[in-house]
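Structure first, then comments.
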Amino acid sequence: MTGDAVVRVEGRRLKLTNLEKVLYPAVGFTKAEVIDYYTRIAPVLLPHLRDRPLTVRRYPNGVDGKSFFEKNVPSHAPEWVRTVRVETPGSSRGAEFADFVVVEELATVVWLANLAALELHVPQWTVGARGGRRSPDLVVFDLDPGAPATVVECCRVACRVREVLEADGLAPVVKTSGSKGMQVYAAVRVSSPERTSEYAKEVARRLAAESPGEVVWRMAKAERTGKVLIDWSQNNPAKTTVAPYSLRARERPSVSAPVTWGEVEACRVPEDLVFLADEVRDRVASEGDLFVAGDPVALPR
């Protein structure tokens, strides 16, 4: 596919542009291939985006060019794209609210891919049919290695997070970040919007106290060399985390890929948990969605 094209996606008419533009220069991965990836992965991607206000990171000139985060829906968005107005207190731009895209259908995914929205980021909470913000339904532990630590060390910490969560009755799932680290999630029910942050912080502090040479819970970079930061702050309602199956803007089209706990336990070198777009498509075709969080469980008090 080259140049421009007008297509119909489940009844929606879309104009796709500059399809031959290379967005990953190191491997010649084009916008057409980005659109193809998101189209093929949509059956497992859509459930993880549904009802979640979306923040995208766009790379109009490819991963080597300038990028920007975009919360507000572009003014030229098709009228059928669902949006929701959400309050954004403390915004760096001083805005009181933003009009977010909420992805409900394949056509919206294709439209975003055509905008070179390579990365898709979502919060740990959803909105209702009328746009009201619900309490978090996910708790996330974002594991970020401080060099020379790598995702290998993250895997060891992820297994310990898993032990704590399972002891509390949760059913954790895990994915790579598509970059240097990984994230552990669990479906939860909470009594207050702050409870997921409180719980994640408690777990992070506990594991850091048990293994101070391997784990850190404070954000200070000076403390993180050779250790794994358990970033509990990603549960702040104002923050987002890269969505499962999202591409990442690395040299190659790597993906934030769900993995099995067996793969986490077996990881010995970082390359063991690097998955590119074509590999993730094949994994989904053979194994389905590995990121099914199951029924939510009430967090312990």
Side-chain angles (χ1 to χ4, degrees), residues 1-7 9 14-42 44-45 48-49 54-74 76-77 101 103 106-122 142 144-148 150-152 154 175-183 240-259 267 269-285:
M1 189 182 292
T2 61
D4 298 352
V6 176
V7 299
V9 180
L14 286 168
K15 182 178 181 181
L16 308 181
T17 59
N18 300 317
L19 292 168
E20 76 286 354
K21 178 178 280 189
V22 175
L23 298 182
Y24 290 84
V27 292
F29 201 79
T30 65
K31 186 199 280 193
E33 290 173 293
V34 167
I35 294 171
D36 180 69
Y37 167 75
Y38 274 124
T39 299
R40 292 173 182 268
I41 211 68
V44 291
L45 169 66
H48 301 296
L49 301 181
L54 180 70
T55 297
V56 299
R57 191 169 186 179
R58 291 174 58 182
Y59 290 80
N61 293 306
V63 297
D64 292 342
K66 292 183 178 180
S67 67
F68 59 95
F69 281 98
E70 190 167 61
K71 295 179 182 292
N72 276 294
V73 60
H76 54 77
V101 170
V103 177
L106 173 59
T108 305
V109 175
V110 174
W111 170 70
L112 289 167
N114 186 59
L115 296 179
L118 299 183
E119 295 190 357
L120 311 176
H121 299 254
V122 289
D142 188 14
D144 186 11
T150 67
V151 74
V152 176
C154 289
K175 68 181 179 68
T176 71
S177 69
S179 180
K180 297 180 295 182
M182 64 195 322
Q183 290 105 21
T240 60
T241 308
V242 66
Y245 302 106
S246 172
L247 290 168
R248 299 307 306 270
R250 309 293 290 176
E251 183 178 42
R252 298 182 294 167
S254 61
V255 174
S256 182
V259 293
C267 179
V269 294
E271 291 72 21
D272 287 342
L273 290 184
V274 175
F275 298 98
L276 303 183
D278 57 345
E279 296 172 300
V280 172
R281 288 196 303 261
D282 291 344
R283 284 167 64 85
V284 169

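For the numbers below, each heavy atom of this structure counts, side chains included, while hydrogens, waters and symmetry mates do not.
A distance-only check finds no donor-acceptor pair linking the side chain of Ser246 to the backbone of Glu119 [under 3.5 Å]. Although no hydrogens or angles enter the test, the distance criterion places no donor-acceptor pair under 3.5 Å between the side chain of Lys31 and the main chain of Leu23. Within the 3.5 Å criterion, the main-chain N or O of Val255 finds a donor-acceptor partner in the side chain of Thr176. Of the possible donor and acceptor atoms, one in the side chain of Asp4 sits under 3.5 Å from a partner among the backbone N and O of Asn18. Remark: the backbone N or O of Pro258 is paired with a side-chain donor or acceptor of Arg283 at under 3.5 angstrom.
Considering CD of Glu33 and CG of Asp278, their distance stands at 9.5 Å, rounded to 0.5 Å. In this structure, Thr241 OG1 and His121 NE2 are separated by 9.0 Å, a value rounded to the nearest 0.5 Å. Considering CG of Leu19 and OG1 of Thr30, their distance stands at 7.5 Å, rounded to 0.5 Å. The distance from atom CG of Leu273 to atom OG of Ser254, rounded to the nearest 0.5 Å, is 12.0 Å. Between Arg252 atom CZ and Leu247 atom CG the span is 13.0 Å, to the nearest 0.5 Å.
Within 6.0 Å of atom CZ in Arg40, 12 or fewer heavy atoms from other residues, nucleotides or ligands are found, so the atom counts as exposed in its surroundings. A 6.0 Å sphere centred on CD of Glu279 holds more than 12 heavy atoms belonging to other residues, nucleotides or ligands. In Lys21, the NZ atom is crowded: over 12 heavy atoms of neighbouring residues, nucleotides or ligands sit closer than 6.0 Å.
Between Met182 and Val151, some side-chain heavy-atom pair lies under the 4.5 Å cut-off. For the pair Thr39/Val110, a side-chain contact is recorded, criterion being any heavy-atom separation below 4.5 Å from C-beta on. Annotation: side chain of Leu112 is in contact with side chain of Leu54 (closest heavy-atom distance under 4.5 Å). Residues Pro253 and Val27 are in side-chain contact: their nearest non-hydrogen atoms beyond the backbone lie under 4.5 Å apart. The shortest distance between side-chain heavy atoms of Val280 and Ile41 falls below 4.5 Å. Using a 4.5 Å cut-off on side-chain heavy atoms (C-beta onward), Lys66 and Asn61 make no contact. Using a 4.5 Å cut-off on side-chain heavy atoms (C-beta onward), Leu120 and Leu45 make contact. Trp111 is not listed as a side-chain neighbour of Val9, based on a closest heavy-atom distance of 4.5 Å or more.
Considering only residues two or more places apart in sequence or on other chains, Arg58 meets the salt bridge (Lys or Arg N to Asp or Glu O under 4.0 Å) condition with Glu70. Phe29 pairs by the ring pair (Phe, Tyr, Trp, His ring centres under 6.0 Å) definition with Tyr24, not counting sequence neighbours. The ring pair (Phe, Tyr, Trp, His ring centres under 6.0 Å) check on Tyr245 picks up nothing, with sequence neighbours excluded.
In terms of heavy-atom proximity, Gly181 sits nearest to Cys154 at CA-SG, 4.2 Å. In this structure, Tyr59 and Gly65 approach most closely via the heavy-atom pair CD2-O, 4.4 Å. Here the shortest heavy-atom pairing between Val63 and Pro25 reads CG2-CD, 3.8 Å. Scanning both residues, Ser256 and Ser177, for their nearest heavy atoms gives CB-O, 3.6 Å. Between Cys267 and Val152, the closest heavy-atom pair is SG-CG2, 4.0 Å.
Defined by atom type and a distance below 3.5 Å, a donor-acceptor pair is missing between the side-chain atoms of Arg248 and Ser179.
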